[in-house]
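Worth saying up front: this structure is predicted, and the values here are computed from it rather than measured. Numbers here simply count residues along the sequence, with the first being 1. Both backbone and side-chain heavy atoms feed into the values below; hydrogens, waters and symmetry mates do not.
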Amino acid sequence: QPTTKSKMDLNRLSDTTEYSSLSNYNDFSINHIHLDWDIDFNESKISGCVSLDIVSSSNELSNIVLDTRDLSIQSVEVDGKKCSHSLQDAGVFGSSLSFPLPSALASQAKAKVKIIYSTSPESTALQWLEPEQTAGKKNPYLFSQCQAIHARSMLPCVDAPGHKSTYSASVTAPAWSTVLMSAIQKDEPKTIGDKRLFTWSQPVACSSYLIAIAVGELESREISNRCCVWSEPSMVEEAHFEFSQTEDFLTVAEKLAGPYRWGRYDLLCLPPSFPYGGMENPCLTFVTPTLLAGDKSLADVVAHEIAHSWTGNLVTNSCWTHFWLNEGWTRWFETSIMTEIQGDDRYFDLRASLGYEALRSDVDRYMSQGESHLTALVPPLKGIDPDDSFSSVPYERGMNLLFHIQQLVGKLNFQAFFKHYVATHAAKTVNSQGFKEFTIDYFKSKGQYEEIKDVAWNEWFLQEGMPPLEPKYDLSLLDPVNELAKDVCNGVNLNTPKYDFNTMPSLQQQLFLQALLDNVSSSGKILPETTLNTLDTMYCLTSKNNSEIRFKWTKLCLLCGRSSILKHAASFAISQGRMKFVRPLYRALMESNIPGAAELAIGTFAANKYMYHPICRKMVASDMDRAWTARKNAEKKKDLEEASKQSASSVNANANASNRSAADSTTAVEGSGPVGGMSSFVAGAGFGAVFMTVLGIVLAKHQKKLI
């Protein structure tokens with residue numbers, strides 16, 4: 001049920017506490033970070049030191065506490081003096097690194113901290129790829145992914161988004177490799193024996209989650225005088241073609257938000273295991289190869305990451321509780337950029353509507369899992385790993401709040417407000433209460449308070465479930481899409497020139513498949529296999545290179561019970577590691593009624609889990625654990641219902657005894673989790689004895705087909 005007003009925690013709107021950080025960040029700030037690193041592919045670790053320029057915020061700072069996870073700390077020095085140090089385990093949040101200062105610091109006093117350390121192969125920020133996992137197949141590859149709280153597994157730091165610093169780095173790596181970072185390269189690489197030294201500088205203060213590194217056999221192609229694309233040599237031309245509009249997107253973004261402040265905007269197209277569509281690392285956006293559709297139809301993800309250069313990187317959420325101020329603004333900004341490129345305001349509504357369906361799906365999932373608190377725009381995150389709250393909610397609900405205000409005040413007025421918002425908060429952080437007050441004050445000053453006075457701020461921020469207001473989109477561009485979807489559902493003959501699906505833009509094709517998915521989900525009426533076969537024959541959907549279309553088509557076929565899609569679903573799930581696709585695919589397989597689908601999901605993940613990034617591996621493990629438990633409880637419930645029907649015809653005494661037995665069985669199943677503890681199996685080394693038996697059977701049947 002939606003949150004009532006009496007249950008709303010209004011204090012959350014102004015709360016800037018980063019509950020996931022173990023550091024005493026209120027007592028000091030870090031002005032600058034310098035990294036001296038050596039990349040060791042043989043040991044899968046980074047070794048070296050980090051130097052931190054500390055400024056006290058306390059009247060008597062005597063102790064420093066930093067965030068770490070799985071780091072080996074060799075020594076700690078403060079102003080050249082060695083200090084004792086201790087590590088305190090904090091479970092999912094890593095370990096706190098604590099050390100006393102040689103002498104207490106007064107407010108605004110400075111100190112330099114030097115920590116010699118190394119990462120571990122288990123670092124959740126780093127993925128070390130074997131040569132076989134790369135496109136070139138010759139050399140290993142390393143890349144980082146620090147958002148949300150994984151920077152602490154790469155360096156001791158204040159791992160909280162509201163705390164920013166500049167940084168620099170000196171990195172040595174094998175001579176065959178190129179090192180890239182989320183910064184500006186200072187000098188040409190220097191050869192030192194069998195290694196090369198790379199130096200980097202990031203003069204714009206940024207949060208720790210934006211520190212990034214990639215090391216591999218890489219080449220670049222120029223797009224403009226401030227943009228280039230990097231990739232492995234065998235993919236670089238394809239990536240250069242796909243992302244050739246980058247400068248155009250950047251130019252439009254500057255028109256809407258003001259000057260680009262980061263110097264360069266380069267792209268790195270990563271190997272398939274990268275868990276996101278893109279990551280907005282300053283100066284160097286990471287992108288997934290699932291965007292390489294061959295026709296630039298998915299390049300709008302680059303517009304999203306470009307938008308983050310202002311909303312997220314420059315103006316940052318004060319803590320992960322207010323994550324929507326990063327992602328909601330960026331969804332609005334990205335959609336505005338693409339609408340300017342298209343030259344038709346209806347494209348804003350079209351793109352927004354596609355995201356709204358993703359929001360509905362995530363809200364339904366959270367509500368069914370008993371996690372309704374994660375559907376709030378400003379969720380309670382105390383004691384919660386921010387990764388576990390990652391969904392479309394901050395993106396789409398946040399964007400629709402902004403779109404709602406835009407509709408009230410007018411597009412041009414809202415764009416002027418956005419530019420003023422960015423200019424005012426550049427290099428600062430924002431929370432939800434601050435955003436609300438700034439918005440009200442701005443439109444009061446423009447004589448437009450009447451237009452926004454009825455915005456239900458608290459309901460938008462804190463109410464659980466769907467947003468308090470259904471958006472009003474102009475979807476006239478969807479008329480041909482809806483007509484085609486309606487005829488497909490009604491079984492109309494599609495072999496006529498009227499249906500020109502293959503000439504529709506990619507966005508309309510996605511929305512057509514989404515319309516079919518929505519219809520099947522809401523009506524419960526599946527499409528016959530003959531209809532699915534006809535669609536596949538006419539439009540070649542199973543073999544589409546466009547990952548968004550392939551994903552929606554695969555989900556539709558699984559929902560409708562098309563057994564021939566199983567091998568394609570498994571193949572798609574292991575061809576890339578993008579969580580947007582991987583997590584729903586495994587969930588759909590686990591929930592499918594197609595015989596063998598759940599076993600196929602288990603076998604596929606078991607055989608291939610280490611190809612996924614640690615973040616993705618963890619989240620899929622959690623999803624499959626839930627799905628397995630739900631599946632087994634549903635089967636048990638069905639068995640009990642059958643037993644109840646049979647017992648109804650028996651003698652009353654026997655029936656009563658049978659019902660008592662059934663009730664006892666239900667209690668035993670609920671809460672016991674999947675057989676032997678599936679989450680411990682999929683996430684690491686723990687194997688339940690019963691599950692091992694199930695796994696052996698599954699692998700014997702499916703593993704050879706999967707690899």
State which residue, out of D623, D625, D385, fulfils the salt bridge (Lys or Arg N to Asp or Glu O under 4.0 Å) condition with K618.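 That would be D385.
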Say whether, by atom type as modelled, one donor and one acceptor occur between the side chain of [X] and the main chain of [Y] under 3.5 angstrom.
X	Y	value
D362	S392	yes
S182	A212	yes
S547	T290	yes
T17	Y19	no
H322	D15	yes
R152	D159	yes
N313	E280	yes
N24	N63	yes
D266	V229	no

Should we count [atom1] of [X] as having more than 12 external heavy atoms under 6.0 Å?
X	atom1	answer
Q88	CD	no
K195	NZ	yes
K110	NZ	no

N139 and T134: side chain donor to acceptor below 3.5 Å: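 Side chains of N139 and T134: no pair found under 3.5 Å.
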Say whether E327 and H308, considering side chains only, have a donor N or O and an acceptor N or O under 3.5 Å apart.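 Their side chains do contain a donor-acceptor pair, which is all the 3.5 Å distance test asks for.
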Using the ring of each side chain (for Trp, its six-membered ring), is Y395 parallel, tilted or perpendicular to F323, with breaks at 30° and 60°? perpendicular
Would you please classify the geometry between the H34 ring and the H32 ring as parallel, tilted or perpendicular, with 30° and 60° separating the classes? parallel
Stepwise, does the side-chain contact (heavy atoms from CB on, under 4.5 Å) test hold for R264 with I184? CA-CA 7 Å; R264 288 200 61 85; I184 303 294; 4.2 Å; yes
Can you tell me which residue pairs pass the ring-ring contact (aromatic ring centres under 6.0 Å, His included) test with a partner in residues 181-219, sequence neighbours excluded?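 Sorted pair list: Y209-W320.
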Once ring-ring contact (aromatic ring centres under 6.0 Å, His included) is applied, what residue pairs with a partner in residues 117-141 remain, sequence neighbours excluded? F41-W128
If we only count heavy atoms from C-beta on, is the L35 to S170 side-chain gap below 4.5 Å? no
Hey, mind stepping through R12 and T321 against side chain to side chain donor-acceptor pair (under 3.5 Å) and telling me if it holds? CA-CA 8 Å; R12 203 187 310 155; T321 300; over 6 Å; no
Just do the salt bridge (charged side-chain N to carboxylate O under 4.0 Å, His left out) check on R626 and E371 with the steps written out, would you? CA-CA 12 Å; R626 291 178 185 277; E371 295 179 309; 3.0 Å; yes
Could you walk me through whether K580 and E548 satisfy the salt bridge (charged side-chain N to carboxylate O under 4.0 Å, His left out) test, starting with their C-alpha distance in whole Å, then the side-chain angles of each, then the deciding distance to 0.1 Å, before giving a yes or no? CA-CA 10 Å; K580 178 181 180 179; E548 295 283 356; 2.6 Å; yes
Who pairs with F333 by ring pair (Phe, Tyr, Trp, His ring centres under 6.0 Å), at least two apart in sequence or on another chain?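 Checked F333 against ring pair (Phe, Tyr, Trp, His ring centres under 6.0 Å); matches are W310, F418.
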For Y276 together with F390, are the ring centres under 6.0 Å from each other?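 That pair passes the under 6.0 Å test.
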